[in-house]
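All values below were derived from every heavy atom in this structure, side-chain atoms included, with hydrogens, water molecules and symmetry-related copies excluded.
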Amino acid sequence: MDALKAEIALKRKAVQNDAETRPSKYVRRGELERMKEEEERRAREEKEKERAVEQAAERDAALARSKQKKIADASSRSTSNTPLPESRDPDSTILESAFNIPNNEAIRRLRAKGQPIRLFGESDRDRRLRLRALELIEERGHEKAGTNDFRKALEDVESVERELRAKNDKGKKKDDGELNNSAGSVAMVDLGLLKTDPDKLYPVIYYALKRTLKEWEEAMDERPENVKRTHHGKLAAATQVQSAEYLKPLFKTLRSRNLPPDMLVRIAEIVYYMQKRQYQRANDSYLRLSIGNAPWPIGVTMVGIHERSAREKISTDQVAHVLNDEVSRKYIQSLKRLLTFSQTKYPPEDVSQLMG
């Protein structure tokens with residue numbers, strides 16, 4: 001019986017050895033994951049060893065540098081009787097010595113520029129250097145933050161004048177010929193076309209406004225140099241440049257002939273009365289165009305379920321176009337500026353037709 005048990009154990013051991021040595025056709029998922037984890041663990045250990053070696057080398061290098069620096073400082077102190085001051089950039093030292101102002105003055109200038117009076121960890125010396133850098137940037141003309149369109153136009157007046165002078169003669173002749181021919185052929189706006197053929201009014205209004213804008217530009221160029229260089233002269237030139245920029249959407253709409261009918265009527269009236277030098281009536285048309293003549297109710301207009309007797313007076317047919325959007329507001333305001341210039345250049349014979 002014992003011999004039989006020994007033989008069975010021997011056979012079982014032989015079978016197990018064969019199973020371990022013989023490659024299996026299938027591999028379990030758990031074995032694959034275990035092998036993958038072992039490989040990742042080995043890779044992590046190798047990276048950690050490399051990182052530890054690099055850190056040790058950096059520490060050794062830092063210690064060596066610190067030792068060399070201490071030795072150099074000790075040797076320099078031994079050769080000199082006074083200690084060395086803090087190492088500074090020579091340019092910053094020169095800048096600081098040339099710009100040495102009190103702290104209260106630096107705080108006042110920084111507040112005037114809208115800058116913080118002290119940054120985190122900033123010393124008085126650093127604050128003075130920052131203030132000087134801001135002033136140098138402003139002097140060189142690179143400070144453009146916080147400028148609106150009027151200030152931008154004011155700053156670009158001189159460059160615009162140079163560009164206008166640098167235009168080639170061909171372009172000037174082409175523009176002048178186009179404006180003179182078109183404006184000369186259609187001298188006056190016919191309000192009767194509003195009912196018969198409104199499309200014919202678009203080119204008439206376009207060239208009339210273009211010619212007035214061109215005359216305004218020429219009037220700005222014909223001023224003496226001493227007038228141009230004054231503050232009021234620069235403001236007037238900036239206003240003209242700004243108005244020309246604001247009128248571009250209106251000119252584009254007139255070329256495409258898609259202006260709303262009520263706005264076309266009011267703009268035609270403005271141009272017609274401006275050509276007739278009846279500026280008071282042109283101003284009335286401008287007011288109807290900008291703010292309208294519909295009632296502007298204040299407070300509660302509907303307090304019950306029944307219709308009130310005066311409810312129909314609050315109409316919506318004559319609206320305030322200046323409230324539509326920012327683009328409309330800008331070119332409507334520029335129309336008023338053209339009207340004011342035309343009154344200055346071509347005053348009416350009757351004083352009662354002057355605008356207020």
Side-chain angles (χ1 to χ4, degrees), residues 65 69 72-73 76-77 80 82-167 213 216-249 325-327 329-331 333-334 336-337 340-341:
R65 286 194 299 269
K69 187 176 181 180
D73 293 341
S76 62
R77 289 193 191 97
S80 178
T82 58
L84 288 175
E86 182 184 358
S87 60
R88 295 182 180 178
D89 189 4
D91 296 336
S92 63
T93 306
I94 295 172
L95 183 61
E96 182 184 6
S97 61
F99 191 71
N100 191 7
I101 60 175
N103 290 330
N104 54 359
E105 179 66 18
I107 291 173
R108 187 188 65 81
R109 293 188 188 182
L110 286 172
R111 284 178 175 167
K113 297 179 185 301
Q115 296 291 333
I117 61 173
R118 188 182 293 276
L119 299 177
F120 181 76
E122 187 179 38
S123 62
D124 294 340
R125 170 179 168 272
D126 295 335
R127 178 170 58 188
R128 288 193 296 269
L129 292 177
R130 178 164 60 91
L131 174 61
R132 183 54 179 166
L134 290 172
E135 291 182 351
L136 288 176
I137 290 174
E138 289 181 355
E139 289 175 2
R140 292 169 185 171
H142 295 296
E143 184 69 20
K144 298 296 182 182
T147 58
N148 53 15
D149 48 2
F150 183 76
R151 184 177 175 183
K152 183 180 179 182
L154 182 60
E155 292 175 354
D156 294 342
V157 163
E158 295 182 358
S159 62
V160 169
E161 289 179 355
R162 287 194 298 268
E163 290 177 359
L164 290 176
R165 294 191 192 100
K167 281 183 179 178
L213 187 61
W216 191 8
E217 182 181 357
E218 291 175 354
M220 292 292 104
D221 292 338
E222 291 172 357
R223 296 178 302 169
E225 289 295 331
N226 57 350
V227 177
K228 289 182 182 180
R229 296 183 181 278
T230 59
H231 180 66
H232 294 288
K234 291 182 179 180
L235 285 178
T239 304
Q240 192 274 330
V241 173
Q242 186 187 41
S243 302
E245 188 69 24
Y246 285 172
L247 284 170
K248 286 182 180 179
D325 54 0
E326 192 69 13
V327 177
R329 183 192 68 79
K330 287 180 178 179
Y331 67 69
Q333 182 184 7
S334 300
K336 182 62 166 35
R337 291 175 178 176
T340 305
F341 165 75

Please check this pair: side chain of R111 against backbone of I117, looking for a donor-acceptor N/O pair closer than 3.5 Å.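 Such a contact is absent between R111 side chain and I117 backbone.
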
Minimum heavy-atom distance between [X] and [Y], given as atom pair plus value:
X: L131; Y: A106; result: CD2-CA, 3.7 Å
X: K228; Y: M220; result: CE-O, 3.3 Å
X: P116; Y: R130; result: O-NH2, 2.9 Å
X: Y246; Y: Y331; result: O-CB, 3.3 Å

Could you state the interatomic distance from [atom1] ([X]) to [atom2] ([Y]), rounded to the nearest 0.5 Å?
X: T230; Y: E225; atom1: OG1; atom2: CD; answer: 11.0 Å
X: S334; Y: E245; atom1: OG; atom2: CD; answer: 10.0 Å
X: T239; Y: K234; atom1: OG1; atom2: NZ; answer: 14.0 Å

Do the non-hydrogen side-chain atoms of [X] and [Y] ever get within less than 4.5 Å of each other?
X: L213; Y: Q240; result: yes
X: L134; Y: L110; result: yes
X: R118; Y: I107; result: no
X: R128; Y: N103; result: yes
X: E135; Y: K113; result: yes

Which residues share a side-chain hydrogen bond (donor to acceptor under 3.5 Å, both in side chains) with S243, sequence neighbours left out: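 Only R337 meet the side-chain hydrogen bond (donor to acceptor under 3.5 Å, both in side chains) criterion with S243.
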
